[in-house]
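Below, chains carry the letters A, B, ... as their sequence lines are ordered, and counting in each starts from 1.
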Amino acid sequence: MPELPEVESFRRYFEATALGQKVVRLEINAPKIVQSPIAEVESALINHTLVSTDRIGKYLFVQTSANKTLMLHFGMTGELEYFRDIDLTPRFTRVLFWLENGFLAFTDPRKFGKLAVGNSIAEFQQAKKLSTDALTITLTEFAKNLGKRKMPIKSALLDQKVAAGVGNWIADEILFQAKIHPQTLVWQLTTEQIALMYQKMQAILRLAVQHEAYYRDFPRDYLIHSRGWTDEEPANCPNCDSKIPHIYISGRASYYCEQCQNLII
DNA sequence: CCCCATGTTGTAGG
DNA sequence: TCCTACAACATGGG
């Protein structure tokens, strides 16, 4: 479930299970996920140690002792799973890292995930035109990246050039808590509204990372409980109890409260 | 069977 | 050239 908080959990999981270990073998079951030539991936990893991890937005980076950077992106359904017994290899394993002391599987049923090797994080960040991570970005940069564009704010928040790591539910949650209608055009937002979105974004991300992205533990007044998401009952607005509708904005389902989030046009 | 899905990217059109 | 909308990607699950 990879938005910024989930990927941060994956990063910590990677550190806890695989860091400091040597890769002894690599098994690639879904070649389309691998974006670099196999020979480059192998020379960056095989017989090399996994030295450190970093994260920008939804991208996880691993430095190897070959002085190369491994990039992992989890698409919609990617996850990491460490295990000791090869017979326990999970379903949907697309890439399997054989380590000295166990196995790390990159699982991804939908195969939208990506894995690549490069020389540095900066190289990837430039190539993807990726913004600063949403947890460390300043208000000034956030406002500058939003600019005066004419698209709905919901679409702009999903643009990884604005604040790296914001995904669909986080964008909805930011707008709900800031009481801004998702279809409000960016150029119409006031300085105060942008500052408020920024504060909410920081608070939501910090809380989600603290809870390891386990949304059931989020505060009761978060919109996320109201979207009829996975196996939970859809609920009404935690503030005003009105029904939460959903609309599509540039192809993505967007949940909001008609009473609490005003559309200014 | 039909529809939906947590993301990114290439392309078409203005 | 810049900006925006949207289909496409591949697959499982309700």
* Structure fact -> Of the listed B/dT6, C/dT4, B/dG7, the closest approach to the A/Lys150 side chain comes from C/dT4
* Mind checking whether A/Phe61 and A/Phe124 have ring centres under 6.0 Å apart? -> yes
* Given B/dG7, is OP1 or OP2 found less than 4.0 Å from the side-chain N or O atoms of A/Lys114? -> no
* Flag the pair A/Val186 / A/Arg149 as yes when at least one side-chain heavy-atom distance between them is below 4.5 Å, and no otherwise. => yes
* Asked: Mind checking the P distance from C/dA7 to B/dC3? Whole angstroms is fine.
  -> 15 Å
* Asked: If only side-chain N and O atoms of A/Gln160 are considered, is one of them under 4.0 Å from the OP1 or OP2 phosphate oxygen of B/dG7?
  -> no
* **Among C/dG13, B/dT6, B/dT8, the one nearest A/Met76 by side-chain distance** => B/dT6
* Asked: Is the A/Tyr222-A/Trp169 ring centre distance short of 6.0 angstrom?
  -> no
* To do: For B/dA5, take OP1 and OP2 only and decide whether either is under 4.0 Å from a side-chain N or O of A/Tyr248.
  => yes
* Where do A/Phe106 and A/Phe74 land on the ring-ring contact (aromatic ring centres under 6.0 Å, His included) test, with the steps shown first? -> CA-CA 9 Å; A/Phe106 180 107; A/Phe74 298 90; 5.4 Å; yes
* Which listed nucleotide (C/dT4, B/dT6, C/dT11) is nearest to the side chain of A/Met151? -> C/dT4
* To do: Name the residue closer to the 5' end of DNA chain C, choosing between A/Phe92 and A/Lys148 according to the nucleotide with the nearest heavy atom.
  => A/Lys148
* To do: Would you tell me if any nitrogen or oxygen in the side chain of A/His73 comes within less than 4.0 Å of OP1 or OP2 on B/dG7?
  => no
* State, with a plain yes or no, whether a side-chain heavy atom of A/Met197 is found less than 4.5 Å away from one of A/Leu189. => yes
* Asked: Between A/Arg110 and B/dT6, does any side-chain N or O lie under 4.0 Å from OP1 or OP2?
  -> no
* Interatomic distance at C1', B/dT6 relative to C/dT4, whole Å -> 23 Å
* Under 4.0 Å protein heavy-atom contacts per nucleotide of nucleotides 9-14 of chain B, with B for base, S for backbone only and - for none -> S-----
